[in-house]
Amino acid sequence: MIDLTVKIPGLELKNPIMPASGCFGFGKEYAQLYDLSQLGAIMIKATTVETRLGNPTPRVAETSSGMLNAIGLQNPGLEGVYHSELPWLEQFDVPIIANVAGTTTEDYVDVAQEISKAPNVHALEINISCPNVKKGGITFGTDPAVARELTRAVKEVSSVPVYIKLSPNVTDIVSIAKAVEEGGADGITMINTLLGMRLDPKTGRPVIANITGGLSGPAIKPVALRMVYEVSKQTNLPIIGMGGVTDVDDVIDFLSAGASAVAVGTANFVNPFVCPEIIGKLPERLHELGYDSLEELIGRSHRL
Amino acid sequence: MIDLTVKIPGLELKNPIMPASGCFGFGKEYAQLYDLSQLGAIMIKATTVETRLGNPTPRVAETSSGMLNAIGLQNPGLEGVYHSELPWLEQFDVPIIANVAGTTTEDYVDVAQEISKAPNVHALEINISCPNVKKGGITFGTDPAVARELTRAVKEVSSVPVYIKLSPNVTDIVSIAKAVEEGGADGITMINTLLGMRLDPKTGRPVIANITGGLSGPAIKPVALRMVYEVSKQTNLPIIGMGGVTDVDDVIDFLSAGASAVAVGTANFVNPFVCPEIIGKLPERLHELGYDSLEELIGRSHRL
Amino acid sequence: MIKQERMKVVAQQPIARHIFELTVEGGLVDEMAEPGQFVHVRVADSFEPLLRRPISVASIDKENNRFTMIYRAEGRGTQILADKKAGDEIDVLGPLGHGFPVEQAEKKAFLIGGGIGVPPLYELAKQLNSRGIETVHILGFESKQAIFYEEQFKALGDTHIATVDGSHGTEGFVTHILNELPHDFDTYFSCGPTAMLEAVQWAYPQKRGYLSYEQRMGCGIGACFACVCRTTKSETDYIKVCSDGPVFPAGVVIS
Amino acid sequence: MIKQERMKVVAQQPIARHIFELTVEGGLVDEMAEPGQFVHVRVADSFEPLLRRPISVASIDKENNRFTMIYRAEGRGTQILADKKAGDEIDVLGPLGHGFPVEQAEKKAFLIGGGIGVPPLYELAKQLNSRGIETVHILGFESKQAIFYEEQFKALGDTHIATVDGSHGTEGFVTHILNELPHDFDTYFSCGPTAMLEAVQWAYPQKRGYLSYEQRMGCGIGACFACVCRTTKSETDYIKVCSDGPVFPAGVVIS
Ligand SMILES: Cc1cc2nc3c(=O)[nH]c(=O)nc-3n(C[C@H](O)[C@H](O)[C@H](O)COP(=O)(O)OP(=O)(O)OC[C@H]3O[C@@H](n4cnc5c(N)ncnc54)[C@H](O)[C@@H]3O)c2cc1C
Ligand SMILES: Cc1cc2nc3c(=O)[nH]c(=O)nc-3n(C[C@H](O)[C@H](O)[C@H](O)COP(=O)(O)OP(=O)(O)OC[C@H]3O[C@@H](n4cnc5c(N)ncnc54)[C@H](O)[C@@H]3O)c2cc1C
Ligand SMILES: Cc1cc2nc3c(=O)[nH]c(=O)nc-3n(C[C@H](O)[C@H](O)[C@H](O)COP(=O)(O)O)c2cc1C
Ligand SMILES: Cc1cc2nc3c(=O)[nH]c(=O)nc-3n(C[C@H](O)[C@H](O)[C@H](O)COP(=O)(O)O)c2cc1C
Ligand code: FES
Ligand code: FES
């Protein structure tokens, strides 16, 4: 028997695979397709203090091996998530990682404090990296000092471990990672989307109503992997890696680069069964590679 | 007749298409395939003071809709380029843009001063963005103040207009663009490659000997386009845009976003005739879109 | 229930300019019920192009476990789809969304379609007719070359065609035809460009109507919030075209 | 001259485990001369996978304007290639590089190949034989299932096979065979994994030899500096496998 379990702060994962925030809603839709209890965890859609309507449409555009999105953090707000989405998810035996977003430190603190009290929320993912909102969001993720202070503030109020979600749109991601480590973060999730744009060649107009959007999918995997590798080398925080994962070998790559678990985003849209399929294939692939447990594989690229 | 000419500092281009630096050597190989005089310009491979051997192999790896490279600025050095490559290129009626690289300001200054004297070098492209050399290179491209001072130093000695090649691996590319504008740059070329990595899932080892490499090709086009759009909006410098261009509509997109000319890199490896093919298709495409001249199209996305 | 299945291509053929008729076979057909539902098609096994393409169900053949799509091959995804041949497999996710409520029609229905909005009206017309409802079809196309299924619709009821360039039928838009026809129907159903849907709604403010909307999609199942529209029902919420729609009662969507 | 051509697939078939033989037709064949040259194949019209794949010319049929490649379908590019059928077209750039100098052999040559390094030796053997040179073929494979062209080589000269697992011929590597054979040849030619090339060079320090190298490639024509090797000829320069090679005299490449 190959051991797929992973232990990171707040999370005892039966396997390292989880859907990424924003790509799985609050689970309801995918629950029509398979039993969510199979998943290692679920990262739910970003939650803000108030209901957010998000951006005008079109909100998505396809690019070479990738897509742009500018959803703009549409969500039913803390109330709705806390009182309706989270209780609904309790029927599944799966830890929830709540994605927290906001435009001010107070926003983050308010959501973190409340949502971390939900019984099935085992960790928070603080989204300081959303490229699709005008204020806040990404600015918290680009300045190390700001990121550190936000981490501190959130840590103070959270009842569960806090993971900070890093933006790839920075000169030096390691400095941000170190800053949130200083701020007391329990872990890091990375990467969020790269800021990109698509134009309609016929008209010259941006395809996405918001003009720019976040690039995700296989196109960004090399960037994500490089960043996970660097951060894992230079900090001690556990990392949940993501960016362009579509199959079991992508998961192997992120684990090798130093991630302790792996999130799957865009690929859910292409193959809604991608998470359980990867989970199903992991034991055999580990066996083929000569590993008895997942933990042995984590970070092996650094040990070569 | 559709007018394809573009005038930007130092360059009277018969059309806006040129091969990007490092993807076309010094022209000799592609000259076996077609007449280089068809090209708007040629951006030759980076030149450093001394001969550089570059990085160990493997130097390239394929990724989804992209590739990584870590050539490491292999080149015959200033002497070789000045006395053998550039004179050979004089047989073609095409302006040369010399790509200048180095590890210290003095390196850049020395190469810029000399190479700008070559009769067919009409402009310099200062590569402050190469991700594949340990020292120098990219560090000049990530700090606005350093970039500004380097621009000043190079401008002082150059006999031809100076374009600065920006790195996309920064938090705020506009601040770098503005800094080089202050430093006296005549134009900007962008973008260089995104820093990325690929692992071999069998072994966990990086595929590229240099561990990380620069990501290019269609995968990065959305990022490149977004950056050109932002820089064009916030500076007055002419831009030569690049990143993932493979066909005439990609060229239309970069021009729409504000580039005055467009360079084609990786696509030359896939289709060595890509530059003349795009040049051939441009007039008809402009006509279809209702434009009589290229200049009218430039920056149209900002005017909508 | 939503299924994901590698379905077998039974037939594919061009039926008008850039328009293809594609019939596939598989167990997923069992799940199909309402006309106006759609499927989300993955056109390649690779991740390039990345996203699935939403295509309406144009007709269902439960007996043979088959259904037919009619689509315009325009962008790179649909062009790849157009290359599929009998015997190939394609990955289909569906059926998705809520379709046209056939039970709402009483005696006579107007089916108003434009361009690639026409296909779902065909299965709708079949189902309405089999319930004894009279259907009148008002269909708009770009030009004569773009017209498809005229005969098939005629076999089910009165069929009026408009072409933008006047090369066949009435010159102009479907609204030009609507203006001429008596309003002797109880329910209308419409699918086509948003501008057409708007015009149709304005034409019949007093009638019961159902409109099928388009939006760019990510997941196609309601999870990603890509395909939203504002709605008259709530100031603080959107509706999702993929899972709440694509068919909505007239007056619900703010487009 | 180097040409880029959409060549027509004439035939494709599996000839050993994961090994395919692919014959294409077109004017580009006119340009082929030396055995050991290669072509750079674009396996899809899209940019995914992005890069061309370098494949050696395994045999040339000038009369019918055809040439044959033999390759292992392993990664995603070669797997796509393996799906091509007679009648399909593939985009071929070539012929590229410098091949084996057949004129260097005097009377008897050893042709030493390993795995997917074997294919170019076949055209080489043909050309040497047609010049009256006796050829001895020493070929290494993983296992019996991986062997191809044994009969074809036998028809041209003495042929010795080694398999790593001993399932056919000598157990072990080609070097095990080389140790047994008399050194009664004037020139050797070799293509295969770098470790094999090294071993062969060590085995015959006094002989004239030519070795064909592999490297990851970008452009395939000498412009991108991806495919370099250090060389004994210069401390300050590299040689490029794609345009200076892939065949180099023994002793030139530092691998
Ligand atoms: C519910 C629904 C039902 C549809 N039914 C049909 C049908 O029966 N027949 C038919 O021909 N078309 C139908 N369409 C439109 C069809 O989805 C698009 O024409 C198709 O996705 C375009 O893909 P492409 O590869 O040609 O274009 P590309 O330009 O390559 O597409 C790029 C991206 O934009 C999306 N996109 C482009 N145009 C549209 C559009 N009009 N609507 C939604 N997404 C778009 C694509 O899905 C893809 O994600 C339907 C759309 C929806 C939302
Ligand atoms: C001059 C030359 C001649 C060759 N001749 C033959 C031949 O006749 N038959 C044959 O089966 N193989 C030959 N090869 C090896 C062949 O190029 C690789 O097996 C092939 O490129 C792998 O592609 P893939 O799609 O299977 O793998 P992927 O893993 O998808 O390849 C990813 C990238 O790595 C490159 N790559 C992977 N393996 C190699 C390799 N061994 N050498 C060079 N690049 C590689 C690919 O070209 C591609 O750019 C030759 C290589 C060279 C350099
Ligand atoms: C449609 C969409 C919506 C997203 N919404 C969120 C979000 O609400 N919060 C967040 O932290 N990340 C969000 N992301 C980013 C993903 O969680 C993930 O970091 C990113 O897409 C990279 O992974 P991928 O390439 O596997 O998609 C979103 C991504 C997509 C494609
Ligand atoms: C193999 C290779 C070598 C390169 N060498 C250089 C170089 O020497 N100097 C430079 O400024 N950019 C270099 N680049 C970057 C390109 O000029 C270009 O900025 C980048 O590849 C993005 O364009 P593309 O996507 O069209 O390739 C190189 C790119 C590649 C792929
Ligand atoms: S497409 Fe994802 S919610 Fe509708
Ligand atoms: S592959 Fe480009 S130089 Fe050899």
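In what follows, every chain begins at residue 1, and chains take the letters A, B, ... in the order their sequences are listed. Only a predicted model underlies this, so the values are computations on that prediction, with no experimental measurement involved.
- The minimum heavy-atom distance between A/Met67 and C/Leu51, with the atom names listed, is SD-CD2, 3.9 Å.
- Only the side chain of A/Lys45 has a heavy atom closer than 4.5 Å to any heavy atom of chain C.
- Annotation for A/Glu29 and C/Ile221: closest pair CG-O, 3.0 Å, computed over non-hydrogen atoms.
- Each of A/Ile71, A/Asn69, A/Leu53 was compared with C/Phe225 under the side chain to side chain contact (heavy atoms under 4.5 Å, CB included) criterion, and only A/Ile71 meets it.
- Ranking C/Cys224, C/Gly220, C/Cys227 against chain A, the residue ahead of the rest is C/Cys224, based on heavy-atom pairs under 4.5 Å.
- Sparse packing is recorded around CD of C/Glu142, with 12 or fewer heavy atoms of other residues, nucleotides or ligands lying under 6.0 Å away.
- A distance of 5.5 Å separates CZ of A/Phe273 from CD of C/Gln4, quoted to the nearest 0.5 Å.
- Other residues, nucleotides and ligands contribute over 12 non-hydrogen atoms within 6.0 Å of the NZ atom of C/Lys84.
- Salt-bridge annotation for C/Arg76 and A/Glu62: present, with a side-chain N of the basic residue lying under 4.0 Å from a carboxylate O of the acidic one.
- Within a 6.0 Å sphere centred on NZ of C/Lys62, heavy atoms belonging to other residues, nucleotides or ligands number more than 12.
- By the neighbour-count criterion of 12 heavy atoms within 6.0 Å, atom NZ of A/Lys28 is densely surrounded, having more than that number from other residues, nucleotides or ligands.
- Contacts of A/Thr51 with chain C are made by side-chain atoms alone, with heavy-atom separations under 4.5 Å and no backbone atom involved.
- For a residue to count as touching a neighbouring chain, one of its non-hydrogen atoms must lie under 4.5 Å from one of that chain's; by this rule A/Pro76 does not touch chain C.
- Contact count against chain A (heavy-atom pairs under 4.5 Å) is highest for C/Arg53 among C/Met1, C/Arg53, C/Lys3.
- Proximity to chain C is absent for every atom of A/Asn75, based on heavy atoms less than 4.5 angstrom apart.
- Atom CZ of A/Phe26 has more than 12 neighbouring heavy atoms from other residues, nucleotides or ligands inside a 6.0 Å radius.
- A/Glu277 CD: more than 12 foreign heavy atoms inside a 6.0 Å radius.
- Heavy atoms closer than 4.5 Å to chain A are found in both the backbone and the side chain of C/Arg216.
- In terms of heavy-atom proximity, C/Tyr238 sits nearest to A/Arg59 at CE1-NH2, 3.1 Å.
- The shortest distance between side-chain heavy atoms of A/Gln74 and C/Val228 falls below 4.5 Å.
- Closest approach of A/Asn271 and C/Arg52 over heavy atoms only: CA-NH2, 4.4 Å.
- A distance of 13.0 Å separates CZ in A/Phe269 from CE in C/Met217, rounded to the nearest 0.5 Å.
- Contact between C/Leu50 and A/Thr266 at its shortest, heavy atoms only, is CD2-CG2, 3.5 Å.
- Rounded to the nearest 0.5 angstrom, C/Cys219 SG and A/Phe24 CZ are separated by 11.0 Å.
- Counted within 6.0 Å of CD on C/Glu89, heavy atoms from surrounding residues, nucleotides or ligands total more than 12; the atom is thus considered enclosed.
- When the shell of 6.0 Å around CD of A/Glu79 is examined, it contains 12 or fewer heavy atoms from other residues, nucleotides or ligands.
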